[in-house]
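Written out below as structure tokens is the structure these notes cover.
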Amino acid sequence: MRGRTPFRQRQEEPYKVNEKIRAREVRVVGDFVEGGNAVLPTSQALKIAQENDLDLVEISPNASPPVCKVIDYAKFKYEQKKKQKEIKANASKTVLKEIRFGPNTDDHDFNFKLKHAINFLKEGAKVKAYVHFVGRSIVFKERGEMLLLKFAQELEEYAQVEQLPKLEGKRMFLFLAPKASKK
């Protein structure tokens, strides 16, 4: 089996087309029926589709009777794929930026990281700020929590807190999401 590519199964068609439609009668919608909608025997609906050199496609199989449309199936599939691609392209991708502190971070470093966080939030990215406790510094848990709460307070006008400081292992996390911009 080594070195062989796995067998690729054919993808199942999402819609039933022409002879694959098993219902006795179907509701046909579209331009090829009087009134734009009629309940017909499946054989008659198939005949209409064949006369127009098109396909009978089952759009809504769960309806009673199933809803079908007389269209060019290849063109229909292409349009569906195009819509899916468009939806995917318009979906916003959330970016998560991390900012790391030590329990003894001084003011200058804090302000430097604060400026970076403000820029990240303005760009629309979420911010994950955390204090990393190394070795015995874990005894300063309160110091780390105070630091993260101060960080959240400084970013109040740019972000909202998604999760308050929480200790997991040797790290204490704080999650911030950008506030919706007012337009």
(request) Measure from the side-chain N and O atoms of Lys179 to the backbone N and O of Glu156, and report whether any donor-acceptor pair falls under 3.5 Å. (result) yes
(message) For a quick test of reading the model, state the closest non-hydrogen atom pair linking Ile59 to Pro61 and the distance between them.
(response) O-CD, 3.6 Å
(request) With the side chain counted from C-beta on, respond yes when Val67 and Val26 share a heavy-atom pair under 4.5 Å apart, and no when they do not. (result) no
(message) With clusters defined by side-chain heavy atoms of hydrophobic residues (ILVMFWY) lying less than 4.5 Å apart, directly or transitively, does Val95 cluster with Ile99?
(response) no
(message) Ignoring hydrogens, what is the shortest heavy-atom contact between Arg143 and Pro103? Give both atom names and the distance.
(response) CD-O, 3.3 Å
(message) Between Phe173 and Leu167, is there shared hydrophobic-cluster membership here, with clusters defined by ILVMFWY side-chain heavy atoms closer than 4.5 Å?
(response) no
(message) Contact between Leu149 and Pro165 at the side-chain level, heavy atoms closer than 4.5 Å - yes or no?
(response) yes
(message) Does Phe110 have more than 12 heavy atoms from other residues, nucleotides or ligands lying within 6.0 Å of its CZ?
(response) yes
(message) Within the structure provided, determine whether Phe175 and Val161 are in side-chain contact (heavy-atom separation under 4.5 Å).
(response) no
(message) Would you say Ile48 ends up clustered with Val28 if hydrophobic residues are merged whenever their side chains have heavy atoms under 4.5 Å apart, either directly or through other cluster members?
(response) yes
(request) Please report the shortest heavy-atom distance between Met172 and Leu148, naming the atom on each side. (result) O-CD1, 3.4 Å
(request) Would you check if Phe133 and Arg171 make a side-chain contact, meaning some heavy-atom pair closer than 4.5 Å? (result) no
(request) With rounding to the nearest 0.5 Å, note down the distance linking CD in Glu162 to CD in Gln160. (result) 7.0 Å
(request) Measure the spacing between CD1 of Ile87 and CD of Gln84 and express it to the nearest 0.5 Å. (result) 5.0 Å
(request) Drop me the distance from Leu114's CG to Lys150's NZ, to the nearest 0.5 angstrom. (result) 9.0 Å
(message) Is the shortest side-chain heavy-atom distance between Leu54 and Ile71 below 4.5 Å?
(response) no
(request) Would you name the heavy atoms of Leu56 and Ile21 that are closest together and state the gap between them? (result) O-CD1, 3.6 Å
(message) Would Lys113 and Phe151 count as a cation-pi pair here, with the cationic atom under 6.0 angstrom from the ring centre and within 45° of the axis?
(response) no
(request) Decide yes or no for Lys126 and Pro178: does some side-chain heavy atom of the first lie under 4.5 Å from some side-chain heavy atom of the second? (result) yes
(message) Once you measure the plane-to-plane angle for Tyr130 and His132, does it fall in the parallel (<30°), tilted (30-60°) or perpendicular (>60°) bin?
(response) perpendicular
(message) Whether Glu168 and Lys166 form a salt bridge (side-chain N of Lys/Arg under 4.0 Å from carboxylate O of Asp/Glu) is what I want to check.
(response) yes
(message) Please find the pair of heavy atoms, one from Val131 and one from Gly102, that lie closest to each other, and give the distance.
(response) CG1-C, 3.8 Å
(message) Tell me if a side-chain donor or acceptor on Asn111 pairs with a main-chain N or O of Asp107 at a distance below 3.5 Å.
(response) yes
(message) Quick one: does any side-chain atom of Asp55 pair with a main-chain N or O of Tyr73 as donor and acceptor, under 3.5 Å?
(response) yes
(message) Can you classify the ring geometry of His116 versus Phe112 as parallel (below 30°), tilted (30 to 60°) or perpendicular (above 60°)?
(response) perpendicular
(message) Is there a path of hydrophobic side-chain contacts, each under 4.5 Å between heavy atoms, that joins Leu164 and Leu121?
(response) yes
(request) Flag the pair Leu174 / Lys128 as yes when at least one side-chain heavy-atom distance between them is below 4.5 Å, and no otherwise. (result) no
(message) Please say yes or no: joined through hydrophobic side-chain contacts below 4.5 Å, possibly via intermediate residues, are Val29 and Leu40 part of one cluster?
(response) no
(message) For Arg24, is there any backbone N or O sitting under 3.5 Å from a side-chain donor or acceptor partner on Thr42?
(response) yes
(message) Rounded at 0.5 Å granularity, tell me how far CD in Glu25 sits from OG in Ser43.
(response) 11.0 Å
(request) Identify the heavy atoms of Asn18 and Leu46 that sit nearest to each other, and give their distance. (result) CA-CD2, 3.4 Å
